[in-house]
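As structure tokens, the structure follows; a few thoughts come after it.
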Amino acid sequence: MNLPKAYAPRDVESNIEALWEASGFFNPDNLPGKRLKVFSMALPPPNATGVLHVGHAVMLGVQDILARYHRMASYKTLWLPGTDHAAIATQNVVERELATEGSSREHLGREAFLKRVEAFAENSKSTIRGQIRALGASVDWSRERYTLDAGLSRAVAEIFVRLYGDGLIYRGTRIVNWCPRCRSTLSDDEVEYQPTKGKLYYIKYGPFTLATVRPETKLGDTALAVHPNDKRYQRYVGKELQVKSIDGEVTLKVVADRAVDPTFGTGIIKVTPAHDFVDAEIGARHKLASRQVIGEDGRMTKQAGAYAGFTVKEAREKIVAELQKLGLIEKIEDYEHNLSVCYRCATPIEPLPSLQWFVAVNKKIPGRGKTIKQLATDAVKSGAINVVPERFSKIYFHWMRNLHDWTISRQIWFGHRIPVWYKKSSGFPPAPRLRRTNKVQGSRLSRDDEIYVGVEPPKGDGWKQDPDTLDTWFSSALWTFSTLGWPDKTKDLKTYHPTSVLETGYDILFFWVARMIMMSTYALGEVPFRTVYLHGLVRDGEGRKMSKSLGNVIDPLEMAAKYGADATRLSLIIGNTPGQDMKLSEAKIAGLRNFSNKLFNIARFMFLTMKAGTTVPKTPRPRTLADRWILLRLETLTHEVTADIEALRLSQAGERLRAFTWEELADWYLEIAKIEGAKDALLAYVITRILVLWHPFMPFLTEHLWQLARQHVKGLPTELLLIAPWPHSAPERTDRKTEVQFATVRAVVTALRRLRQAAGFDPKTPAAALSYANRHLKLLQAEAALIKHLARLDAWEVFTTGAAPPNASHSATIEAGLTVHLFDK
RNA sequence: GCGCGCAUAGCUCAGUGGUAGAGCGUUCGCUUCACAUGCGAAAGGUCGUAGGUUCGAAACCUACUGCGCGCACCA
């Protein structure tokens with residue numbers, strides 16, 4: 001056989017990938033043998049927006065290790081892949097494309113635009129499929145899903161209808177986070193905060209002065225508020241003040257409310273119920289009027305009078321100028337505050353009142369006596385879901401406690417259309433499949449509208465579907481069970497749900513993980529997964545977030561092409577613990593490429609030296625001390641690696657394997673094998689075992705070597721390493737004597753090498769030495785040949801005890817009574 | 001403001017109450033016939049600071065310092 005001197009991943013990975021897929025073993029239905037235990041995972045679906053990044057590579061790496069380990073350990077193993085339509089994110093990308101073409105979604109119209117987005121998403125999906133394959137992920141493509149698939153869309157509609165039927169989805173006018181650029185609402189979690197330098201304007205309001213960063217909302221003020229205990233302003237509470245302003249005299253009521261911090265600023269605030277969450281609450285408590293002066297287009301409304309039509313920014317400048325002219329500005333200070341921006345396009349958020357759909361998280365579920373929030377909290381508190389690392393459960397509870405009703409309607413076009421239809425109630429007979437009719441109130445509908453909520457469109461004429469779509473996280477919240485066929489009672493659902501492990505980045509704990517728990521406990525009455533494993537973010541070598549604009553992005557596919565998929569994956573596993581961010585550099589990947597080559601060459605050595613027809617023994621027969629030692633170490637390694645993987649200590653498992661493979665196996669045992677000879681069977685045994693143990697971590701290389709091994713040795717258990725049985729992890733076997741003996745030999749060899757170097761001997765010229773060994777006498781005599789070879793001595797004698805010989809140039813003590821002495825040449 | 005994390009070799013990081021570890025880098029010597037993507041040898045540490053618990057602490061507890069993150073506030 002003609003083996004290259006260095007491992008060339010590029011030449012083998014695609015062939016190996018094809019071999020696996022042709023086997024069909026990624027599909028658990030095809031796995032051989034009786035498999036009573038089940039292991040299942042849903043791949044967190046990448047967004048259908050483009051390409052995979054290094055964060056995806058972490059997730060694929062961790063999950064593939066778990067999938068391959070369990071498959072080998074004879075679990076019925078399902079790892080279900082798919083993609084997320086990622087509503088706003090994907091729509092934004094396509095809108096940007098259209099903009100460069102001088103077009104827009106409005107220009108195309110809803111239908112044509114959606115076709116365009118779908119074409120884009122389809123293209124992304126096929127890119128992503130190729131990338132998942134290239135990284136070696138053993139996902140079951142026969143079960144691939146997409147959040148907009150018909151089946152999943154049915155699940156989305158079904159759960160919406162159920163929630164509505166339980167009174168847990170409602171429609172109402174509330175202050176929402178509005179992104180004027182996306183022209184859509186956002187949930188609280190989709191808002192990010194950017195520290196921003198701005199101005200703080202001190203404005204005179206009759207007898208008061210108060211500060212604001214948003215003078216333009218002055219037009220929407222309907223009251224002033226002070227703290228109930230603030231003595232300074234007590235006499236004004238309940239009074240109505242006539243205040244001079246840019247739009248003439250306005251009447252403002254003074255109310256007392258606990259939300260006001262008397263120690264901050266002047267201790268008095270203006271209340272703009274239509275454009276601030278806190279003010280809206282104050283407004284509700286005091287039954288204040290609400291005046292919307294900013295519209296969904298980010299421009300001032302007709303209510304803003306002379307300023308109607310201006311953007312918020314323009315209005316602010318004009319209003320400040322006008323206030324200054326009227327002498328109503330006391331001072332302007334520089335001020336840094338947190339600006340709310342859209343997490344998808346960084347546009348400043350406008351809080352404004354809007355008619356939207358919400359999920360009620362604090363309302364009892366009929367017949368269950370608990371709220372969605374309680375179900376989701378209990379799932380973790382009870383231990384039904386195990387969070388790794390554990391500290392994230394605290395963060396989860398904190399978030400749950402503070403969770404408000406979830407705004408689920410979005411005014412974008414790409415996504416699941418809200419399964420609600422309206423029509424003028426004018427004597428039409430009720431539709432046959434009407435689930436529920438209700439009068440709804442709201443600005444968009446007349447009071448006579450009839451509402452239909454159902455999975456299928458209503459029969460009959462005159463129904464118009466709600467134009468809005470659902471929050472993308474609403475559909476991904478169903479991912480673990482919608483992908484398995486829910487709401488049908490499928491075999492897959494029964495077999496694979498709850499899933500075993502959900503592995504994802506901690507950055508989507510709230511967006512996704514928490515919502516999956518909410519939806520699964522609500523709809524199925526069971527947890528979506530038993531363990532959540534949260535990995536950290538991958539940063540660049542300097543600890544900065546990777547981003548295109550910084551130009552510090554490490555592309556996992558590029559790295560895989562350069563250093564191999566195995567090295568790339570391993571670089572994301574080793575030296576990292578769950579939940580901890582990691583710094584990644586190309587040097588680290590190159591280092592693991594070097595290790596790949598080491599493993600390759602260990603096998604190469606075996607293939608080149610082994611007699612044809614060697615059989616891998618079922619039970620190895622050690623002949624020498626080194627044999628006993630390596631087998632002992634191999635058993636211990638097997639035991640420890642198995643325990644590490646079971647406990648999700650993947651980094652530790654990888655480090656152990658690397659240390660054993662490089663140091664103990666390659667540097668010591670192989671060198672000894674060259675000396676002692678006649679180790680074909682033992683070597684075959686050790687090497688096939690480490691291929692098995694390494695397989696989850698380095699699937700391509702190990703499978704490649706397995707296939708080569710099949711040409712050289714007999715007795716391999718399976719044609720594909722992919723389904724080779726994981727070795728039974730017997731209780732740890734200790735053999736103190738072998739350990740101590742081998743360690744002593746090692747220490748003597750190392751000491752001799754050190755002395756040789758200290759003496760300045762050329763590595764090639766043989767040297768002469770003497771040892772006093774005391775209790776190790778017999779051992780060192782027995783291993784004399786080995787020690788002489790490894791330390792390159794042509795003469796070496798061992799005695800029980802004695803003084804350093806006069807012609808010894810260098811001496812060393814290894815332990816009490818054990819010394820080595822090197823003679824001058 | 002509340003909460004969480006991190007601080008260990010020059011760098012990046014593991015570390016499970018019992019003799020301080022790895023990779024990279026550094027120094028010295030080697031084309032030793034599996035591998036220079038390599039081999040051999042070595043140097044390098046007050047485990048952030050101060051207390052405490054313990055026979056014994058890098059680890060457990062308390063306080064503090066520095067860095068980072070989340071949430072809340074943000075008039």
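Convention: sequence-line order gives letters A, B, ...; per-chain numbering from 1. Quick caveat, the model's predicted, so the values are computed rather than measured.
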I'd like a table of atom pairs between the protein and nucleotides 5-8 of chain B - only N or O on both sides, under 3.5 Å - with the distance next to each one.
unit_1, atom_1, unit_2, atom_2, d
B:rG5, O2', A:Gln580, NE2, 3.2

Provide the Watson-Crick or G-U wobble partner of [N], both distances under 3.5 Å; none if there is no partner.
N      : answer
B:rG40 : B:rC28
B:rG68 : B:rC4
B:rA14 : none
B:rA50 : B:rU62
B:rC33 : none
B:rA75 : none

Check salt bridge (charged side-chain N to carboxylate O under 4.0 Å, His left out) between A:Asp230 and all other residues, then give those that pass, not counting sequence neighbours.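 Scan of A:Asp230 (salt bridge (charged side-chain N to carboxylate O under 4.0 Å, His left out), adjacent residues dropped) gives A:Arg232.
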A:Tyr343 ring center near A:Tyr193 ring center (under 6.0 Å): no
Can you measure [X] atom [atom1] to [N] atom [atom2] for me and round it to whole angstrom units?
X        : N      : atom1 : atom2 : value
A:Leu755 : B:rA42 : CG    : P     : 10 Å
A:Phe397 : B:rC4  : CZ    : P     : 14 Å
A:Phe392 : B:rG3  : CZ    : C1'   : 12 Å
A:Trp668 : B:rA41 : CH2   : C1'   : 12 Å
A:Gln652 : B:rU16 : CD    : P     : 8 Å
A:Lys583 : B:rG68 : NZ    : P     : 11 Å
A:Leu599 : B:rU37 : CG    : P     : 18 Å
A:Arg593 : B:rA36 : CZ    : P     : 12 Å

State whether A:Ser651 places a side-chain N or O below 4.0 Å from either non-bridging phosphate oxygen (OP1 or OP2) of B:rA14. no
Would you say B:rA41 has OP1 or OP2 under 4.0 Å from some side-chain N or O of A:Arg753? yes
Test your reading of the model: is there a side-chain donor-acceptor pair from A:His286 to the backbone of A:Ala256, 3.5 Å cut-off?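 Yes: the side chain of A:His286 pairs with the backbone of A:Ala256.
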Any non-hydrogen side-chain atom of [X] less than 4.5 Å from a side-chain atom of [Y]?
X        : Y        : answer
A:Glu664 : A:Tyr669 : no
A:Ile269 : A:Leu224 : no
A:Tyr205 : A:Lys218 : yes

Quick one: ring pair (Phe, Tyr, Trp, His ring centres under 6.0 Å) partners of A:Phe742, sequence neighbours excluded? A:Trp629
Ion pair present between [X] and [Y], side-chain N to carboxylate O less than 4.0 angstrom?
X        : Y        : value
A:Lys373 : A:Asp405 : no
A:Lys197 : A:Asp334 : no
A:Lys588 : A:Glu586 : no
A:Glu676 : A:Lys679 : yes

Need one value for A:Arg401: base, sugar-phosphate or nothing, where a base atom within 4.0 Å counts as base even if backbone is also close, heavy atoms only. nothing
Under 3.5 Å, which donor-acceptor pairs link side chains of residues 589-598 of chain A to any protein atom two or more places apart or in another chain?
unit_1, atom_1, unit_2, atom_2, d
A:Ser596, OG, A:Leu592, O, 3.0
A:Asn597, OD1, A:Tyr7, N, 2.9
A:Asn597, OD1, A:Asn601, ND2, 3.4

Taking the [atom1] atom in each of [N] and [M], what is the distance between them to the nearest angstrom?
N      : M      : atom1 : result
B:rA63 : B:rG18 : P     : 25 Å
B:rU31 : B:rC39 : C1'   : 10 Å
B:rG45 : B:rC33 : C1'   : 41 Å
B:rA7  : B:rG48 : C1'   : 6 Å
B:rG23 : B:rA43 : P     : 15 Å
B:rA20 : B:rG5  : C1'   : 24 Å
B:rG3  : B:rC73 : C1'   : 15 Å
B:rG68 : B:rU12 : P     : 15 Å

Per-nucleotide protein contact along nucleotides 70-75 of chain B, 5' to 3', at a 4.0 Å heavy-atom cut-off (B base, S sugar-phosphate only, - neither), is SSSBBB
How does protein contact run along nucleotides 17-34 of chain B, one letter per nucleotide 5' to 3', with B for base contact, S for sugar-phosphate only, - for none, heavy atoms under 4.0 Å? -----SS----BS--B-B
Specify whether A:Phe697 and A:Trp694 have parallel, tilted or perpendicular ring planes, treating 30° as the upper limit for parallel and 60° as the lower limit for perpendicular.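 The rings of A:Phe697 and A:Trp694 stand perpendicular, inter-plane angle above 60°.
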Check the side chains of A:Glu390 and A:Ser393 for a donor-acceptor pair under 3.5 angstrom, ignoring hydrogens and angles.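 Note: A:Ser393 and A:Glu390 side chains meet the donor-acceptor criterion.
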